[in-house]
There are 2 protein chains.
Amino acid sequence: MESEASYKKRKVISIGVVSQLTGLTERQIRYYEERQLIFPERTEKGNRLYSFFDVEQLIAIANKREDGVSTQEIKQEFSNEHSHNSKYRARNNELKGQIQAHFNKKNKY
Amino acid sequence: MESEASYKKRKVISIGVVSQLTGLTERQIRYYEERQLIFPERTEKGNRLYSFFDVEQLIAIANKREDGVSTQEIKQEFSNEHSHNSKYRARNNELKGQIQAHFNKKNKY
DNA sequence: CGTGTAAGGAATTCTGACACG
DNA sequence: CGTGTAAGGAATTCTGACACG
């Protein structure tokens, strides 16, 4: 319950591989960093390094972007997830799910 | 019991980072591949990609090399570990531990 | 706002080879 | 055998900017 986390959170993946893994362009990945959705580390020479966790976050971001969610909204959703009050979190997620499902229906058909 | 393995075995780390993680030079890492101790994948353009598992193997290799074990011997130890008969494996490991401890004593003092 | 692209430069990685021992 | 190094080239990554909308 610790060793797995160390693999998941360790920042070791360069942007080219992350691009492959997520299907996002490097431009998009850098932009999401600029918007503070993702926080890579840097090598001594300045190259970005990401974790598997970051890759999963980016995939989640890509899915939300496809659903028309703005980076600003995504950022707020992420900060809500970080509030460690499970009651509020559950309530928020349920509500957001309904709102977003409704929104998607309106826009996809 | 599956998700962790996927992080551990996924080949996503480039040689520069592996060098940092293991303390080995890129030259050494490439040489251990030549000696068939490690098996990175390649990107489309030919860059090597390693997993966390590979990194751990390399650290184990580095430790054995420090103890004077040759790449040839290390390779054989690894293939023994792959024999999935736990009785033989345990016996072999015990024996090798004794032999190697004895060997190290003779050589370090 | 979100993403593409061309620009120029710096750092990364690759291979094959010579060196030493 | 195991590792260092210089060599030349190709691919990677970085930043800042212009473009479109």
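For E33(B) and R42(B), the salt-bridge test passes: some basic side-chain N is under 4.0 Å from an acidic carboxylate O. Under the 4.0 Å criterion applied to side-chain N and carboxylate O atoms, R30(A) and E26(A) are assigned as salt-bridge partners.
For S70(A), the listed nucleotide lying nearest its side chain is dG2(C); candidates were dT12(D), dG2(C), dG4(D). Comparing dT13(C), dG2(C), dC14(D) against the side chain of R30(A) picks out dC14(D) as the nearest.
Contact annotation: S14(B) reaches the phosphate of dT13(C) (side-chain N/O to OP1 or OP2, under 4.0 Å). For dT13(D), the OP1/OP2 oxygens have no side-chain nitrogen or oxygen of R48(A) closer than 4.0 Å.
Taking atom CD on E26(A) and atom P on dA6(C), their separation rounds to 15 Å, with Å as the unit. Rounded to whole Å, atom P of dT3(C) lies 11 Å from atom CD of E66(A). In this structure, the NZ atom of K45(B) is 10 Å from the P atom of dT13(D), given to the nearest Å. Rounded to an integer number of Å, the gap from OH of Y31(A) to C1' of dT5(C) is 17 Å. Rounded to whole Å, atom P of dG2(C) lies 11 Å from atom CD1 of I61(A). Taking atom CD on E44(A) and atom P on dA10(C), their separation rounds to 18 Å, with Å as the unit. Going from atom CD of Q28(A) over to atom P of dT5(C) covers 11 Å, rounded to whole Å. Atom CZ in R65(B) sits roughly 5 Å away from atom P in dG2(D) (whole-Å rounding).
By the criterion of side-chain heavy atoms lying less than 4.5 angstrom apart, applied directly or through intervening Ile, Leu, Val, Met, Phe, Trp or Tyr residues, L21(B) is grouped together with Y50(B) in one hydrophobic cluster. Cluster membership check: F39(B) does not share its hydrophobic cluster with Y7(B), using side-chain heavy-atom separations under 4.5 Å among Ile, Leu, Val, Met, Phe, Trp and Tyr. A single hydrophobic cluster is not seen to contain both F53(B) and I15(B); linkage of ILVMFWY side chains at heavy-atom distances under 4.5 Å, directly or through other members, places them apart.
Residues from residues 32-42 of chain A with heavy atoms under 4.0 angstrom of DNA chain C, sorted by number: Y32(A), R35(A).
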TODO: Evaluate the criterion salt bridge (charged side-chain N to carboxylate O under 4.0 Å, His left out) for residue pair E73(A) and K64(A); output intermediate values, then yes/no.
DONE: CA-CA 9 Å; E73(A) 292 167 320; K64(A) 294 188 182 188; over 6 Å; no

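Summarising the base pairing, dG8(D) is matched to dC14(C) through a Watson-Crick or G-U wobble pair whose two defining distances lie under 3.5 Å. Of all nucleotides present, only dG2(C) satisfies the Watson-Crick or G-U wobble test against dC20(D), with each distance under 3.5 Å.
Ranked by how close their nearest DNA chain D nucleotide is to the 5' end, T25(B) and T43(B) are led by T25(B). DNA chain C is contacted by both N47(A) and Q72(A); Q72(A) maps to the nucleotide lying nearer its 5′ end (nearest heavy atom per residue).
Between the side chain of R27(A) and the base of dT5(C), at least one donor-acceptor pair of N or O atoms lies under 3.5 Å.
Evaluation of the salt bridge (charged side-chain N to carboxylate O under 4.0 Å, His left out) rule for E56(A) yields K8(A) as partners, not counting sequence neighbours.
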